[in-house]
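Structure, as structure tokens:
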Amino acid sequence: MIPVEHFYYISAVLFSVGLAVVLTRKNAIMVLIGIELMLNASNLNFLASNTSEDPEGQFFALFVIVVAAAEAAVGLAIILKVYKYFKTIDLDKIAEIKD
Amino acid sequence: MFIVIFILIIPLFSFVINALLSSGKATFGSYCSVALLLLSTLGAIHVLFFIETKVLTSQVDWFSVGDQSFKVGLLVDFQGAVMLAVVSLISLLVHLYSIVYMAQDSGYGRYFATLSLFTFAMNGIVLSNNLLMIFLFWELVGLSSYLLIGHWYTKTSASEAAKKAFIVNRIGDAGFIVALCIVWCQFGSFNLIDIQSQMEASQIQNGYWSSELNALPKVWLSILGIGFFLAAVGKSAQFPLQVWLPDAMEGPTPVSALIHAATMVAAGVFLMSRVFVLLDGLTLSIIAFIGALTAFMGGVAALAQFDIKKVLAYSTISQLGYMLMGIGVGAYEAALFHLFTHAFFKAALFLAAGSVIHSMHEIAHKNHLELDAQDMRLMGGLKSKLPVTFYAYLVGSFALMGLPLFSGFLSKDALLIASVNWSYQIGNVAYLIPSLAFVTVLLTSFYMVRQLLLVFFGRPRIEISDLREFGWHFKLPLIVLSVFSLGLIWSLNPFDYSHSWFLAALPGKLNVTPEFDVVIPDLTNHALVGVISVILVALGTGLAWLKFRPGRELMLSKTGQFTLLENLSLNNWYLDVIYEKTVLRIVRVSTSALAVLETRVIDRAVNLLGWVGVVFSFLLRWFDQTIVDGLIKFSAFFSSQVGGMTKSFQYGKVQSFIIFALVSLLLLIFLIL
Amino acid sequence: MLQAYSLSLLIFLPLSAAFILAFLPKKLKEHFKFIALGISLIQLIIGVYLYLDYQPSDALYTIEAFQFVERVPWINLDLQSLGKLSAEYFLGVDGLSVGLVVLSIIILLIGVLASWNIQERERAYFSLYLVLNASIIGCFVALDFLLFYLFFEFMLLPMYFLIGLWGGPRREYASIKFFLYTLLGSIFILIVMIGLYTSVIDPGATAIELGLMADGQPLTPVIIDKVQQKLQNGEILPEQLVRTFNMVFMTDSGNVIPDSFLSTLNPQLVLGHSARFVGFLLLFVGFAIKVPVVPFHTWLPDAHVEAPTPISVVLAGILLKIGGYGLFRTAYLMFPDAAVHYAWWVGLLGVISIIYGAFNALASRDLKKLIAFSSVSHMGFVLLGLAALSVEGVSGAVYQMISHGFISAALFLITGVIYNRTHDRLIENYSGLASRMPKYTVIVVIFFFASLGLPGFSGFIAEILVLLGSFGSATVEGINLLPRWMAVTAVFGLVLSAAYYLWTIQRMFFGKYHVKRVNSDRIIDVNTREFALFLPLIVFVLLLGIFPSLLLDLINDSVVTFVNTILKF
Amino acid sequence: MDSLADKISNNLTSLSYFIPELILVAGLLLLILVDLLRKKNLLFPLSLVILALAIGQLLVGWPKEAHFLFEGFVKLDQASAAWRLILLLGASISILIAARGTLKSMGEFYTLTFGIVLGGHLLVMSSHLLIVYLGIELMSISAYALTLFTFEKRGSEAAVKYLVFGAVSAATMLYGISWIYTLTGSLFFLAPEFTDALLKSPLVPLSISLSLIMVGILFKSGSVPFHVWSPDVYTAAPTPTVALFSVVPKLAALAFLAKWFLVIHLFGLGSINWVTILSILAMLSMLFGNFSALRQQNVKRMMAYSSIAHTGFLIIPIVSLSEQATRNLLFYAFIFLIMNLATFLVINFFERQENIRNIKEYAGMFTKYPLLSLFLVVLMISLVGLPPTAGFTAKLLIFTSLWESYTMAGQPWVLALFIFGLLNTVVALFFYLKIPFYMIFRSKESQLADNEANKYTYENYFTGLLVFALLVLFFKPDWLLGFINKINFVF
Amino acid sequence: FFASLTVVSAGYILFTKNILHAALALIVTLLSVAALYVFTAAEFVAVTQIMIYVGGIVVLIVFGVMLTNDVSGKSVSAGSINRVSGALITLAVLLLFIYGSRQFTSDGYPIYKVTSMDNLGKELLTTYLLPFEVAAVLLLVALVAASIVAGNNLKSNAL
């Protein structure tokens, strides 16, 4: 068996990687991918901690997956829209609104 | 008592009548006021004969503050009654005189209104039984003086003179107010009689001056006296505030006679006599010294003037100096005596001078000449043309010089003796005071004789052939005033003031200042002093005769060179210049400095607050854009320098913000931990 | 009927009129001013009634000490664990305020007359003016802090617009400056207000809460004592405390909750200072801005210079007095300990204002600015008299407020007259006006002399009282609150005021007639309407100068109570 | 474990308490249907009817006592009922704002609005972190889409920024929740066991996880430092939706924060001083909000910063930590709702009618629309917080509770917050008065006043009504507070 | 093994330049995470993960990539920004989290209990009814949102 700490470490690493992706990649879709990674990290945590009779963590993870799907759908739709207007999805090139 | 109120109120009526009448009926108004003033003069004389040594007083509540009440009340004692009579009489005569003198003036009604207002206010000062009321009327007198000096307001010099007079007076009033504060604080009352009795009861102990109510450090007693004295200095044109009086001659001449010679300027002396009990040794010495100094300075300043009225003005200053010196040496009754005699002869002189000036105007008008009607260098030989004027002037001058048989001799004698006695008592430096006084006697006779000679003797310097003296409006006042300048009116023995009915009627010594007991004048030196003064008068007359005897035409050219002394005299010791250079300059500089402070510093400091707000917002923006973004920029820069991995400096906004948020989050967590 | 509702009437008449005005059709615009005038006249009648019917009373600061009282519950919140909170619609006047109310009514009436020539946007102008009217009077009669604060703040807006819309060339700057300053001040006041009402209870309502008396029963001193005793012994549960905005209860230190923030016994510390002292200072600054006291005065010259004449009149005549009145009613009465403690500083600020204002007036080239600075100088006397805490001083301060109300109103009307004609207020551009405008000159001379404290005019009485009072200031523990040099220094303010006024008269009115950069044809003397504006002011100034008891009898008892209340502490 | 039948019946009973939400869901479906049927005209009235129904149901079924519903996932008490009422009102007014403009005929707009409201409802009622997460996500997803409804370049940009920021926040929050789960083994945060578990938890992970959760909440409420999305979104999104964003998600998040704050405050026993932290955040919010607003030219952007500042004010009663403070929070929220929405109503009017977006363009509008301008002045005064508007009363109340809290606990940061908050009011004056300033003092030369034409617009009436409410609530705050006071806040 | 696979593939996502590669790596990551789920006895979740994520989300993403990149003709890659700051932050976060996780009190080797599918279903429709319904609504809303966003897109494309 794997010690439970390992799950936590892996989840932490996963979250960090996700975060790094979000922070450093210019491409909006990459950012979305990063977010998915972060969500997965959380899920891993939930499941790792779900030791009792009550499968609370499992359900939570399930719902998170569902929400992630919804979010990804809307997110991609928005990105497409952006692409239509800006002809790019580089986040740093999207800067129309000024003070 | 009713009659006293009546006397007080009558001039006010006169004021109201004149103020409300339209300009068409101004003459009627002026006669009205003459009639009214006649009434009040009669009343005053009635009171004078009736009063003797009684002291009439009555008061009612004016308003109350807390449990203290401020009262209005009247006080008539002998000195007040005499003063009242003098003021009323001279005022009556001046009103009468003015009817003709001002006949051509456009501000006729205004003139009479203010003149009546002045009479009212002056009566008020005389009759008030408390200091607050005195102050009230004191200021009112100042106001009417202001208005009368500025009567010809279109003349810049007149309006400036008026302003100067009021402001300088105001400085004195500041002293009055301070003194009032001290009195109120110490006695809780302004009533003169209360003050006197409370002052007697008060003590000086351990450096504290304690009355029933309160105890103040001793120095406040001196400040009190100096405060009152400052008021008198302002009003009575003493050094260093005498500068306004010569300028005040810009006013119509009757006004100068009434206000700036006879009555108002004497109010300072009158006030000092009213508050005499409150003066302590230090104050008295200061008063004596300033008085004597002013007498001397005024005398010197009068020496070389060419303006007929200015000579008289400086002479007034000088005489007022005498009076205050008298107060200072403790001879307040002598001072009052001189006040009254001076009032008459100086009024006579001024009115006579007015007559001369009026005549000169007449000449100028007839001959279409542009000339200064007050310049003595243009006069001369008027004796025959204006006989009544001349004799009035002569009598007045003799009284002023202090020749025996004239009133001035009596009162001046009394003052001189008092000062001599006082200096005996004190010794040392104090001898300076009688010495100055005696020198002034010499100066007085010199400038008066000079004036007489220049104006009335010799050949006329301009064409005066068709000159004619004016009617009874002029003559009557001149005659009456001249009569009052004779010694016999005042004392049966014209050589000895101690026989004067006036001095006899005054109550005994008033001085109760705890610390310092002023000596009772010792009359043994009487004869000596009298003789010395007469000799000095003769000397002065001689000198003047030598220099200005008819026929000698020297130093009269307008372009002539003046000696140092003459310059000093002509310019009144350069006091105006000095004030201009110092006091006014300081005020001006500090004013503009404050104005600069106001606009530059204070306003800015406050705007700074707003500005800081704006700057702050920009800072925040800068923070938002530079730090938040700049952090990223910097990191990009950093990485390009160190790592050389990226070639672009681009940065993404959203992600930068996320970084910013995360940094905040981390900070937050560290804050917690 | 009138007795019971006169004060409400005073407030709501103009308010409802403003409302009606706002909806009247435009074609009636010629009549708007008559409506405003009518309202003011009705107010005048009520004011006269107030003045005549007011009975001086030296009752201590209880409800009974006030007259024409109207007291209706307004806000009653149940804060449960914090007890209850009550704000009332509570109006009333005592000697301190009755004179100011009458003054406001008169000045506002004159302001309407002075607005007769307003030609643009009459509807808005008169509506705002009436709103201003209501809030000013509200300020003076409100005895509930929240109500007072409401009126205090409410005043700002009409003022802001009146200056900003009908003002001079730099009006926008001036109005925003005015607004910000006063708002900043009111924030300070708000802070203290919150502190106060959380610390003070309403003994009456608390008694009802405790069952000591039934609802509707009159509040007797016995009950108050009982409640206060219980309060001080900590026997009242927090839920039963009825916290109040009532200014009268705030005045009584017995009503302060012992362990509260502003407790009199052991006040808490704020930054090392007693909370009560800090509270006093905040209130002081808040109102000092309004007074204005140097160095919080810089809004005043701008606001005055830019404001239209009637608004300057109201601003100088009344609004400044609200600052002074606020100091009396709140800062001093509610924090007597701090008032005594800071007397020296307050007095110093007063003296500085007097001298500083006078010097600046001397330096002003603009006539209106000169008068604005003279206001600063004269209001310094109010502060000085107040700081002295002696009966004379405080009476003088109240007197000065009212006297200055009349005089400064007249002075601003005076500048309005010349400005109306020539649109130029620079003193140096005029000379010898007396020859062309004799009546005007007479009026100017009268008011200038009144303002510089000539006896016979109201200013003299006020200033002499202040000086007497501050010289012999109240003693606490044997030491005078104010050193004597302050009074002595203040006297020189009088000299300076003579200097700047006389200099102005001499420059503008005397000498040969000559004007620069101004159309000479427009220099005409005052007309009848303008003269009618000045006449009542002359009468009042003279009346108050010659018969001070007309006013002093009214305020005397209240002043004595005021002083005793503070010194008793 | 309860039997299956029990659970089902439990859920069915729960449903009866859930009628407003059911109406919303049903309405949502109905609207989609109507939209599909191309009955565009029906949408607007229908949505209003649905909301009215929901409000009516809410009032009719006003809970007498607290219920845990659906196996304890939500807690229905009076406080949450009040919040739901506020959210429903906010949504209704927002939809009314949309009456002028193109949004009116877009079915999706209504659907998504309902989605946001539903999410808000869940959030304020939640007693389980899963519901919290779902609620927030529901709101967010709807909001991302709504941002785009201008269908222009800037809208899409704002949307993508919003999306990225929001998704990261949500993920962060989720990670925090997962840690909390690890720590406590339960997510029913209102249960006593949860509190006990928190108390026993080690400090470091606890503080990290709670901070992470805070990110999500602060993001939704738009407070510093998680505010950066809001200016862009406010600028670019259509005005009615901005109005909606400024009220519904924000207030829902704050309501949840109020609840959550009590949990993590742990009766003052915890080792983390959340009061200080939130005080500082509130101050920062006011600071950034007000000062940044100072130099804005765009009205909506200014309002964005204004609402950030208001978030700071709204946090004040939360940190005051008393029952009364919670009431004051409700009061403030209600007033904020009215004044903010009314302002957006006016802004929307001007945007549509005059195509005005920048403050300077308001010049001369006073002569053209006197009444509306007057209302706007009152609204701005209310937003500043001056009498005689309810904005003042609201501020007074929250500062009172803060003051009380300071006198009780004496925390220095609280005092700082107190003074700082009040001083911020002055700063706020600057920018709020900018609009009236331009409207009244600056005039456009070419404009002719045609009052009559603009007198009777529906905006006039509606804004008038809201403004009137603001005034009334100043003079008689007890009417509302009396109502709020009846609410039982015992948890 | 799966753990290291997860980490490696995630790292690849982070560092790869090609967005398609990233998407593929995401699949690997997700699969290995799913495998980890299985270790925690959550088979159902693992299955869902594979179905929704791999089957749905990743496909979506790949579509997204295709749609946004090939049209412009640019290379299907994405640069990176904020490298240093991003790395620093990430590192800090990572360290913090690991430091935090070390403090969890744990029993070392927990025993995960497999919940039967049956039970899960029952729970989902009873205890988790509300979240379930909410999730349904959420999906609906998301559908509407995505359709309006994308749909309008098409519409305006058509125009």
Side-chain angles (χ1 to χ4, degrees), chain A residues 4 7-8 11-12 14-15 18-19 22-23 28 31-32 34-54 56-57 59-61 63-64 66-68 70-86 89 91 94-99, chain D residues 1 128-131 133-134 136-138 140-145 147-148 151-168 170-188 205 209 212 231-236 292 295-298 301:
Chain A
V4 69
F7 286 112
Y8 301 145
S11 119
L14 207 53
F15 185 86
L19 187 62
V22 169
L23 292 183
V31 173
L32 272 190
I35 290 166
E36 299 303 337
L37 285 180
M38 288 162 80
L39 294 178
N40 265 291
S42 312
N43 272 355
L44 193 54
N45 248 349
F46 274 118
L47 292 173
S49 309
N50 185 15
T51 56
S52 59
E53 291 286 308
D54 191 11
E56 215 177 348
F59 281 108
F60 210 121
F63 285 114
V64 169
V66 172
V67 170
E71 208 173 59
V74 175
L76 277 169
I78 290 174
I79 289 171
L80 283 180
K81 198 79 179 172
V82 167
Y83 181 75
K84 188 193 128 201
Y85 290 120
F86 287 87
I89 50 171
L91 281 175
I94 305 167
E96 180 85 351
I97 304 169
K98 295 259 164 52
D99 282 349
Chain D
M1 202 187 213
H128 189 280
L129 286 170
L130 177 55
I131 301 295
Y133 178 70
L134 288 176
I136 286 185
E137 282 295 332
L138 186 51
S140 301
I141 289 176
S142 312
Y144 303 149
T147 309
L148 244 167
F151 299 106
E152 56 173 30
K153 206 171 178 184
R154 286 144 52 93
S156 70
E157 179 193 345
V160 79
K161 284 182 177 174
Y162 195 14
L163 170 77
V164 169
F165 208 91
V168 171
T172 315
M173 181 181 184
L174 188 66
Y175 198 73
I177 294 176
S178 76
W179 273 32
I180 288 288
Y181 182 60
T182 310
L183 285 169
T184 63
S186 164
L187 293 168
F188 291 96
S209 53
L212 293 180
D232 286 354
V233 171
Y234 277 47
T235 316
S292 305
R295 24 170 294 281
Q296 299 307 326
Q297 285 305 318
N298 186 301
R301 205 174 173 83

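Values in this document were obtained by computation on a predicted structure and should not be read as measured data. So you know, we letter chains A, B, ... as the sequences are listed, proteins then strands, and number each from 1.
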| message | Tell me the closest heavy-atom pair linking E56(A) and S186(D), and the distance in Å. | response | OE1-CA, 3.8 Å
| task | Please round to the nearest 0.5 Å and tell me the distance separating atom OH of Y175(D) and atom CZ of F46(A). | result | 11.0 Å
| remark: If one checks every heavy atom of T172(D) against chain A at 4.5 Å, the contacting part turns out to be both
| task | Would you name the heavy atoms of V164(D) and I35(A) that are closest together and state the gap between them? | result | O-CD1, 4.4 Å
| task | Just jot down the ring-ring contact (aromatic ring centres under 6.0 Å, His included) partners of F59(A), sequence neighbours excluded, or say none. | result | Y128(E)
| note | Answer key: most heavy-atom pairs under 4.5 Å with chain A among N298(D), L129(D), L187(D) is L187(D)
| task | Give the C-alpha distance, both sets of side-chain angles, the deciding distance and a yes or no for side chain to side chain contact (heavy atoms under 4.5 Å, CB included) between W179(D) and Y8(A). | result | CA-CA 9 Å; W179(D) 273 32; Y8(A) 301 145; 5.9 Å; no
| request: Find the distance between CG (N45(A)) and CD1 (I177(D)) and round it off to the nearest 0.5 Å. | output: 12.0 Å
| field | Residue V74(A) versus chain D: region with a heavy atom under 4.5 Å | value | side chain
| request: Would you sort out whether S42(A) and S178(D) count as a side-chain hydrogen bond (donor to acceptor under 3.5 Å, both in side chains), showing the intermediate values? | output: CA-CA 6 Å; S42(A) 312; S178(D) 76; 4.9 Å; no
| Exercise: identify the closest heavy-atom pair between F63(A) and L130(D) | CD1-CD2, 3.5 Å
| task | Given side chain to side chain contact (heavy atoms under 4.5 Å, CB included), test E157(D) with K81(A) step by step and report yes or no. | result | CA-CA 9 Å; E157(D) 179 193 345; K81(A) 198 79 179 172; over 6 Å; no
| task | Pick one of side chain, backbone, both or neither for A61(A), based on which atoms fall under 4.5 Å of a heavy atom in chain D. | result | neither
| query | For the residue pair I78(A) and S156(D), what are the closest heavy atoms and their distance? | reply | CG2-O, 4.4 Å
| message | Using modelled atom types and a 3.5 Å cut-off, is there a donor and acceptor pairing between side-chain atoms of E71(A) and backbone atoms of I141(D)? | response | no
| Partner set under ring-ring contact (aromatic ring centres under 6.0 Å, His included) for Y144(D), not counting sequence neighbours | Y162(D)
